[in-house]
Number of protein chains: 2
Amino acid sequence: MEQMGTRDRLFMAALSLVRRQGYDATSVDELCRLAEVTKGAFFHHFTSKEQLAVQATAFWTTFTSQIFEQAEYHTFEDPLDQLIGYVEFRRQLLVGRSLAECTCFLGTMAQEKYDSNPAIREACFVGIAIHAETVRSIIAAAKARHAPCATWNEESLALYTQAVIQGAFVLAKAKNDVALADDMIVHLRRYIELLFQYAKED
Amino acid sequence: MEQMGTRDRLFMAALSLVRRQGYDATSVDELCRLAEVTKGAFFHHFTSKEQLAVQATAFWTTFTSQIFEQAEYHTFEDPLDQLIGYVEFRRQLLVGRSLAECTCFLGTMAQEKYDSNPAIREACFVGIAIHAETVRSIIAAAKARHAPCATWNEESLALYTQAVIQGAFVLAKAKNDVALADDMIVHLRRYIELLFQYAKED
DNA sequence: TGACACAAACCAACCAGTTGGTATGTTTTG
DNA sequence: CAAAACATACCAACTGGTTGGTTTGTGTCA
């Protein structure tokens with residue numbers, strides 16, 4: 001964090017604090033303190049707290065994309081193995097991490113600001129949709145090979161993977177137990193396996 | 001709302017405002033305004049905003065329990081029909097309602113305050129667990145009749161139904177579209193059907 | 001020398017919570 | 001039975017502190 005520029009340090013601070021406390025509970029002063037930046041510098045780079053939040057969603061997308069791109073599952077030949085590999089990778093991302101460290105910046109902000117701040121809401125949805133699209137393309141390939149006649153929609157299933165993961169985070173937060181999220185993602189894996197297994201046997 | 005007592009009017013205001021704006025964005029003054037109560041009256045009945053939130057979770061539990069108790073699915077003979085009926089009832093609860101009107105008070109608050117307010121977090125989890133338990137007992141009966149040898153855990157599946165619904169709300173909020181939540185719950189129904197269908201065919 | 005990147009002091013609005021008080025019962029006691 | 005004592009429910013005005021955002025000034029580098 002030390003050698004980063006002022007903007008990126010503020011983005012990192014936003015990810016950290018918003019994921020832990022939410023958007024409203026995170027003050028500009030607190031962001032500046034963590035980023036080791038003055039308030040003057042903050043408002044030099046961003047016109048408002050809202051603008052930081054909106055731009056932080058794009059920062060989050062590049063930040064997380066790098067993590068997923070480096071994951072092993074991309075090297076698997078069979079797209080169904082890639083899909084199961086993706087789900088397993090989401091489980092791996094939970095181990096040894098606190099809730100604030102493994103939960104989704106976009107989901108957290110979207111739930112809080114969906115009605116009161118359209119700009120933030122939309123930015124969060126775009127970020128989720130970008131990630132869901134990478135999952136959708138894997139699902140599409142898996143479907144083409146293993147379940148070409150299946151009735152379910154690949155785009156809908158891609159969004160469902162994200163919904164399950166977001167919901168897993170909500171329940172894990174309520175119980176204050178990351179293990180619960182893992183448990184929920186195991187169900188997601190089983191659903192996908194059943195979906196393809198059942199289609200194969202037709 | 002007019003003939004209710006002061007406390008219940010404040011609870012109703014809390015459900016309405018917190019579901020729309022979140023906990024932090026809802027001020028005590030705003031709660032009082034909606035409940036048509038003075039700030040003095042607020043702090044006569046509650047020692048803090050936090051205490052209102054904690055007690056509102058119990059209010060929410062009784063409030064929502066009544067809705068579920070009156071639902072048709074309880075009258076079905078087969079517990080598997082009851083389970084599918086429950087999921088379908090969750091879908092019905094979405095129709096004609098805005099996101100703020102159909103999403104979960106507990107999930108919203110839990111995600112926002114899980115790290116910064118243990119009392120609120122715990123109260124939210126208790127509320128979710130109480131509801132999940134009613135679903136678990138239906139699942140247990142359905143499993144006993146239709147899938148006695150299935151390897152999956154009924155408590156875990158009950159929590160999963162709640163995770164999917166919570167996640168459906170997060171995505172629906174991000175897209176600002178209730179229909180997306182409905183789509184996600186359809187996947188949940190299919191998962192449950194596959195889980196029982198597959199077990200039957202063994 | 002002038003545009004950029006910051007810093008420090010500051011501001012009005014708003015926040016949760018407190019104050020001292022009133023109106024309306026209910027319970028106790030001479 | 002009535003007066004005193006207490007309890008409950010409420011209210012308007014206020015407090016110390018925090019909020020997002022502004023203003024004004026300074027160092028630096030092309």
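Because the structure is predicted, anything quoted here is derived from the model rather than measured. Proteins come first, then strands; the chains are lettered A, B, ... in the order of their sequence lines, and each starts at number 1.
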Please give, in whole Å, the distance from [N] [atom2] to [X] [atom1]?
| X | N | atom1 | atom2 | result |
| --- | --- | --- | --- | --- |
| B/Phe42 | C/dT18 | CZ | C1' | 14 Å |
| A/Asp29 | D/dT18 | CG | C1' | 8 Å |
| A/Lys113 | D/dG20 | NZ | P | 11 Å |
| A/Glu36 | C/dA7 | CD | P | 11 Å |
| B/Tyr23 | C/dA16 | OH | P | 8 Å |
| A/Asp24 | C/dC15 | CG | C1' | 13 Å |
| A/Arg33 | D/dT18 | CZ | C1' | 11 Å |
| A/Leu52 | D/dG20 | CG | P | 11 Å |

Could you tell me whether the phosphate oxygens of [N], OP1 or OP2, come under 4.0 Å of any side-chain nitrogen or oxygen in [X]?
| X | N | result |
| --- | --- | --- |
| A/His45 | C/dC6 | yes |
| A/His44 | C/dA5 | yes |
| A/Ser48 | D/dG20 | no |

#### Entry: Candidate nucleotides D/dC10, C/dA7, C/dA16, ranked by approach to the side chain of A/Ala41 - the nearest
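Shortest atom-to-atom distance from the side chain points to C/dA7.
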#### Entry: Distance-only donor-acceptor test (3.5 Å): side chain B/Lys39, base C/dA16
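By the distance-only test, yes, there is a pair.
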### Task
Can you check whether any acceptor in the base of D/dG21 is under 3.5 Å from a donor in the side chain of A/Lys49, or vice versa?
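When only heavy-atom distances are counted, A/Lys49 does not reach the base of D/dG21 through any donor-acceptor pair under 3.5 Å.
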Under a 4.0 Å N-O cut-off, is there an ion pair linking [X] with [Y]?
| X | Y | result |
| --- | --- | --- |
| A/Glu77 | A/Arg145 | yes |
| A/Glu36 | A/Arg9 | no |
| B/Arg91 | B/Glu88 | yes |
| B/Asp24 | B/Lys113 | yes |

### Task
For B/Thr47, answer base if it contacts any base atom (sugar-phosphate contacts may also be present), sugar-phosphate if it contacts only those atoms, and nothing otherwise; contact means non-hydrogen atoms under 4.0 Å.
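No contact.
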### Task
Looking at every strand, decide which applies to A/Thr38 at a 4.0 Å heavy-atom threshold: base, sugar-phosphate, or nothing.
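Answer is base: heavy atoms of A/Thr38 come under 4.0 Å of a base.
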### Query
Are B/Trp152 and B/Tyr191 an aromatic pair by the rule of ring centers under 6.0 Å?
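Ring-ring flag for B/Trp152/B/Tyr191: false, centres at least 6.0 Å apart.
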